[in-house]
Amino acid sequence: MARSSRAGAHPGLRLAALRRFHLWVGMFIAPSVLFFAFTGSLQLFSLHEAHGGYEPPAVIEALAKTHKDQVFAVDKPEAGEPGEAGADDGHRHHDEAPKATTLALKWFFLTVAAGLIVSTCLGLWMALVAGRDRRVAGLLLLAGAVVPVALLII
């Protein structure tokens, strides 16, 4: 007994259209996925904030600001502002050790971020090397990288 399909469309055609749509969306959002996975992993261990004797590189502070506040700028907190060493912003101070379960969860999320980065890079490679729509894929990848940068600059 044959399966019926809606509107007489062949299921393979719908699947092919869905794959193409997945490729297009994936290529466009891949730069942002990579950005958020990378910058989020830096924030897991507060590498974007000064604490103790650690002073983060300006680029990491700027990337974190873009991740969290959608601006590419570094603001140094003034005396008494939240975020400054010693200021009480309602969060755990960096000198306190996290619970073992919190630390384990941070490492788990770091592993997830690394997996997301590797998986996204493999998907990009497959689309650009082995895909049929390589030109469209490349243009969508470029657009996905240029659009957010342009919006930050404007």
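Worth saying up front: this structure is predicted, and the values here are computed from it rather than measured.
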Worksheet, complete the sentence: Closest non-hydrogen atoms of K106 and F45, given as atom of the first, atom of the second and distance, are CB-CZ, 3.8 Å
Worksheet item: When rounded to the nearest 0.5 angstrom, what distance separates OG1 in T39 from CG in L44?
Response: 10.0 Å
Item to complete: State the CG-CE distance between L124 and M126, to the nearest 0.5 angstrom.
Response: 9.0 Å
Fill in: ILVMFWY cluster, V59 and L152 together (side-chain gap under 4.5 Å)
yes
Worksheet item: Any side-chain heavy-atom pair from L34 and C121 closer than 4.5 angstrom?
Response: yes
Fill in: A37 versus A113, closest heavy-atom pair with distance
O-CB, 3.6 Å
Worksheet item: Looking at CD of E55 and CD1 of I60, how far apart are the two atoms once the value is rounded to the nearest 0.5 Å?
Response: 11.5 Å
Discussion item. Tell me whether F21 at atom CZ has more than 12 heavy atoms from other residues, nucleotides or ligands lying less than 6.0 Å away.
Written reply: no
Item to complete: Examine I117 and V33 and state if one hydrophobic cluster contains both, with Ile, Leu, Val, Met, Phe, Trp and Tyr joined whenever side-chain heavy atoms are less than 4.5 Å apart.
Response: no
Practice prompt. Would you please classify the geometry between the F35 ring and the H67 ring as parallel, tilted or perpendicular, with 30° and 60° separating the classes?
Written response: tilted
Discussion item. Tell me whether F72 shares a hydrophobic cluster with V149, the cluster being built from Ile, Leu, Val, Met, Phe, Trp, Tyr side chains joined at under 4.5 Å.
Written reply: no
Discussion item. Between T66 (side chain only) and V71 (backbone N and O only), is there a donor and an acceptor less than 3.5 Å apart?
Written reply: yes
Fill in: S46 versus H51, closest heavy-atom pair with distance
O-NE2, 3.1 Å
Worksheet entry | Donor-acceptor contact present, side-chain R134 to main-chain A127, <3.5 Å | no
Worksheet item: Given side chains that start at C-beta, do those of L42 and H48 come closer than 4.5 Å, heavy atoms only?
Response: no
Practice prompt. Taking the side chain as every heavy atom from C-beta outward, state whether F36 and L116 have any pair of such atoms under 4.5 Å apart.
Written response: no
Discussion item. How close do P148 and A143 get, counting heavy atoms only, and between which atoms?
Written reply: CD-O, 4.2 Å
Worksheet item: Taking C-beta and beyond as the side chain, do D133 and M27 meet within less than 4.5 Å on heavy atoms?
Response: no
Worksheet, complete the sentence: Taken to the nearest 0.5 Å, the spacing of W24 CH2 from L140 CG works out to 8.0 Å
Worksheet item: When clusters are formed by joining ILVMFWY residues with side-chain heavy atoms under 4.5 Å apart, either directly or through shared neighbours, do L103 and F109 land in the same one?
Response: yes
Worksheet item: Going only through I, L, V, M, F, W and Y residues with side-chain contacts under 4.5 Å, is there a path from V118 to V112?
Response: no
Worksheet entry | Polar side-chain atom of S41 near backbone of F38 as donor-acceptor pair, under 3.5 Å | yes
Worksheet item: How many angstroms lie between CZ in R20 and CG in L15, if you round to the nearest 0.5 Å?
Response: 11.0 Å
Fill in: Closest heavy-atom pair and its distance - L47, Y54
O-OH, 2.7 Å
